[in-house]
Amino acid sequence: MKASTVLIKNAKIVNEGKIFEGDILIEGEYIKEIADSISAKSSTVKVIDAEGNYVFPGAIDDQVHFREPGLTHKADIESESKAAIAGGITSFIEMPNTVPQTTTIEKLEEKFAIAAEKSHANYSFMFGGTNDNLEEILKVDEKNVAALKLFLGSSTGNMLVDDPKTLEKIFSSTNLLIAVHCEDEETIKANMAKYTEKYGDDIPIKFHPAIRSEEACYLSSSKAIELAKKTGARLHIFHLSTAKETELFTNKIPLKEKKITAEVCVHHLWFSDEDYDTKGTFIKWNPAVKSAKDRDGLWKALLDGRIDVIATDHAPHTLEEKKNVYTKAPSGGPLVQHALVAMIEAYHREKISLEKIAEKMCHNPAILFQIEKRGYIREGYFADLVIVDINSPWSVKKENILYKCGWSPFEGTTFKSRITHTFVNGSLVYNNFKFTNGKAAKRLTFDR
């Protein structure tokens with residue numbers, strides 16, 4: 001549906017640490033007015049009665065892999081951005097380990113062109129750093145791109161940056177926010193050799209967190225933080241998976257002033273190593289899902305402000321690929337359609353408040369990446385909004401999974417809440433389980 005004038009009535013608005021009842025008037029792409037009660041000024045205003053339902057700012061996912069170009073048998077920008085808006089994620093930042101990798105300005109611009117044509121959600125991309133593209137990194141305009149992504153542990157796409165001199169040079173040369181995947185390569189290799197010797201390729205999946213261990217994560221994260229402190233670089237550490245790593249971060253200063261920030265992903269908050277028996281390689285991620293004790297530690301750090309953001313690390317692979325033996329089954333899984341409802345499920349289980357979900361999934365990504373006019377329900381901001389029916393149970397099954405890969409680690413899970421409406425830039429793009437025609441997505445802009 002094209003952006004016009006829409007009035008959302010009787011909503012429970014979740015925004016900036018509060019929940020309050022009110023109306024929201026959308027004019028064109030923007031939120032025009034928020035008040036206790038607003039009347040429709042003409043018959044052309046579309047009125048949506050949100051009675052009893054909650055309105056959140058559209059979620060901003062700072063870490064996705066939509067696989068385009070080059071790996072589109074797994075996923076593409078069109079299919080996954082559609083799944084995202086059905087899940088209440090209205091903006092995404094995509095990673096550089098595609099084929100070819102996004103490690104030149106030319107390849108970056110090609111991805112922006114694809115997204116401009118195909119994306120259903122607002123978009124930006126990270127530029128990829130390698131051992132030998134410093135010159136290209138220095139050409140990147142920080143107003144044009146979300147951040148620089150460095151893999152300090154090898155993962156899908158083999159973009160490992162493992163030369164200490166290069167790493168220090170990158171950290172000290174760029175003004176870009178540096179987002180990192182932290183796992184120590186030597187530790188993982190040594191662990192892998194031990195288990196391969198014993199089991200060959202068919203290592204039982206339960207040993208994944210022993211191979212990609214707490215030690216591997218902590219060693220890499222602490223080194224990255226040390227380097228950021230030494231060089232003054234702005235560092236964001238992706239997908240913390242251990243309680244031990246949370247000790248490296250602070251909640252003593254406001255997010256706006258933090259130079260070193262952290263993220264946790266939905267799967268590390270939801271699953272534990274006890275789930276490998278039933279889920280197998282469907283919950284094989286890098287870094288690995290670890291113990292229930294680690295999960296508890298991540299929740300604690302999330303709630304006390306040491307962890308700043310909840311993201312998905314949405315990374316689809318085909319069912320066929322995931323069904324391989326351990327050493328051949330790729331790490332990663334699809335999550336954007338189910339992330340927000342999974343977190344609201346945690347609210348139902350009294351683990352987190354709705355206000356805190358909005359802070360970690362909407363407000364904080366906007367602050368952290370300095371995204372302009374998004375992440376909040378404010379007058380003058382883009383109308384990226386999500387209406388949630390908090391008590392409308394549904395189960396995840398093959399027929400309602402929207403990912404191109406056709407599976408989800410949440411298959412068989414019943415969620416108490418569902419997303420009924422999603423607005424992107426004032427356009428109602430998803431309405432009661434149907435997509436409206438047309439796209440309203442825009443490239444994210446940054447206030448830097």
Side-chain angles (χ1 to χ4, degrees), residues 61-87 89 92-103 107-108 110-121 123-126 128 149 151 153-160 181 201 205 208 212 238-239 265-268 271 279-289 311-339 342 396-411 435 441:
D61 192 345
D62 80 353
Q63 192 192 176
V64 305
H65 302 263
F66 283 176
R67 306 297 189 207
E68 191 167 2
L71 299 165
T72 51
H73 65 287
K74 302 175 195 267
D76 58 51
I77 286 173
E78 175 134 33
S79 62
E80 309 314 284
S81 65
K82 262 182 125 165
I85 62 170
I89 291 168
F92 66 83
I93 297 170
E94 210 257 358
M95 298 299 107
N97 54 333
T98 43
V99 179
Q101 296 164 349
T102 320
T103 53
K107 295 303 170 205
L108 177 69
E110 282 172 18
K111 274 171 88 164
F112 274 118
I114 294 167
E117 190 189 329
K118 295 176 71 172
S119 187
H120 291 258
Y123 53 88
S124 190
F125 298 98
M126 289 200 184
K149 170 72 183 282
F151 289 90
S154 63
S155 194
T156 306
N158 191 26
M159 286 179 63
L160 181 65
H181 175 128
D201 279 343
I205 182 67
H208 188 51
R212 302 188 84 101
F238 275 153
H239 45 46
C265 289
V266 171
H267 45 281
H268 291 119
F271 299 105
K279 295 283 182 183
T281 55
F282 294 132
I283 61 162
K284 184 188 182 198
W285 277 280
N286 298 342
V289 166
T312 67
D313 193 13
H314 172 93
H317 299 284
T318 66
L319 262 177
E320 199 180 9
E321 289 167 328
K322 286 300 261 186
K323 283 177 175 171
N324 274 312
V325 293
Y326 175 81
T327 56
K328 294 186 169 62
S331 292
L335 272 167
V336 287
Q337 188 185 346
H338 305 105
V396 180
K397 38 190 186 225
K398 282 263 183 281
E399 308 83 87
N400 58 29
I401 290 169
L402 296 169
Y403 312 126
K404 194 174 188 177
C405 65
W407 65 274
S408 163
F410 286 117
E411 219 165 308
F435 295 94

If the test is ring pair (Phe, Tyr, Trp, His ring centres under 6.0 Å), which one of His338, His65, His317 qualifies with Tyr403? His338
Rounded at 0.5 Å granularity, tell me how far CG in Asp201 sits from OH in Tyr326. 11.0 Å
Applying side chain to side chain donor-acceptor pair (under 3.5 Å) between Glu411 and each of Lys279, Lys398, Lys397, report the one that passes. Lys398
For the backbone of Ile77 and the side chain of Ser81, can you confirm whether one donor and one acceptor N or O come within less than 3.5 Å of each other? yes
Should Thr103 and Met159 be marked as a side chain to side chain contact (heavy atoms under 4.5 Å, CB included) after you check the CA-CA gap, both sets of side-chain angles, and the distance that decides it? CA-CA 10 Å; Thr103 53; Met159 286 179 63; 3.7 Å; yes
Heavy atoms only: give me the nearest Phe271-Pro409 pair and the separation to one decimal. CZ-O, 3.8 Å
Would you indicate whether the side-chain heavy atoms of His239 and His181 approach each other to under 4.5 Å? yes
For Thr281, enumerate each residue passing the side-chain hydrogen bond (donor to acceptor under 3.5 Å, both in side chains) test, keeping only those at least two apart in sequence or located in another chain. none
CD1-CG distance between Ile114 and Asp76, expressed to the nearest 0.5 angstrom: 9.5 Å
Step-by-step side chain to side chain contact (heavy atoms under 4.5 Å, CB included) determination, Gln101 to Lys107: CA-CA 7 Å; Gln101 296 164 349; Lys107 295 303 170 205; over 6 Å; no
Is there a donor-acceptor pair under 3.5 Å between the side chain of Lys284 and the backbone N or O of Gly332? no
Any idea which heavy atoms bring Gly406 and Ile401 closest together, and the distance? C-CG2, 3.9 Å
Derivation and outcome, side chain to side chain contact (heavy atoms under 4.5 Å, CB included), residues Ser124 and Phe92: CA-CA 6 Å; Ser124 190; Phe92 66 83; over 6 Å; no
Tell me, do Gln63 and Lys149 make a side-chain contact under 4.5 Å, heavy atoms counted? yes
Any side-chain donor paired with an acceptor under 3.5 Å for Arg67 and His314? no
Where do Lys111 and Thr98 come nearest, in terms of heavy atoms and distance? NZ-OG1, 3.3 Å
Could you walk me through whether Ile93 and Met126 pass the side chain to side chain contact (heavy atoms under 4.5 Å, CB included) test, one step at a time? CA-CA 7 Å; Ile93 297 170; Met126 289 200 184; 3.7 Å; yes
Is any side-chain heavy atom of Ile89 closer than 4.5 Å to one of Thr312? yes
Taking the side chain as everything from C-beta on, heavy atoms only, tell me whether Leu319 gets closer than 4.5 Å to Phe282. yes
Without swapping roles, check the side chain of Gln337 against the backbone of Leu402 for a donor-acceptor pair under 3.5 Å. yes
Aromatic ring proximity Phe66/Tyr123, centre distance under 6.0 Å: no
So, for Ala288 and Arg212, which heavy atoms are closest and what is the spacing to 0.1 Å? CB-O, 4.1 Å
Do Phe238 and Phe151 make the cut of ring centroids closer than 6.0 angstrom? no
Between His208 (side chain only) and Trp285 (backbone N and O only), is there a donor and an acceptor less than 3.5 Å apart? yes
Contacts of type side-chain hydrogen bond (donor to acceptor under 3.5 Å, both in side chains), residue Glu321, not counting sequence neighbours: His73, Lys74, Thr318
Less than 4.5 Å apart, any side-chain heavy atom of Pro96 and any of Phe125? no
Measure from the side-chain N and O atoms of Ser119 to the backbone N and O of Ala116, and report whether any donor-acceptor pair falls under 3.5 Å. no
Beyond-backbone contact of Ser331 with Pro287, side-chain heavy atoms, under 4.5 angstrom: no
Would you find a donor on one side and an acceptor on the other, under 3.5 Å apart, between the side chain of Glu80 and the backbone of Lys404? yes
Of the options Ser408, Ser79, Cys405, which is the one that meets Pro316 in a side chain to side chain contact (heavy atoms under 4.5 Å, CB included)? Cys405
Kindly indicate whether the side chain of Asp313, heavy atoms from C-beta on, has any atom under 4.5 Å from the side chain of His267. yes
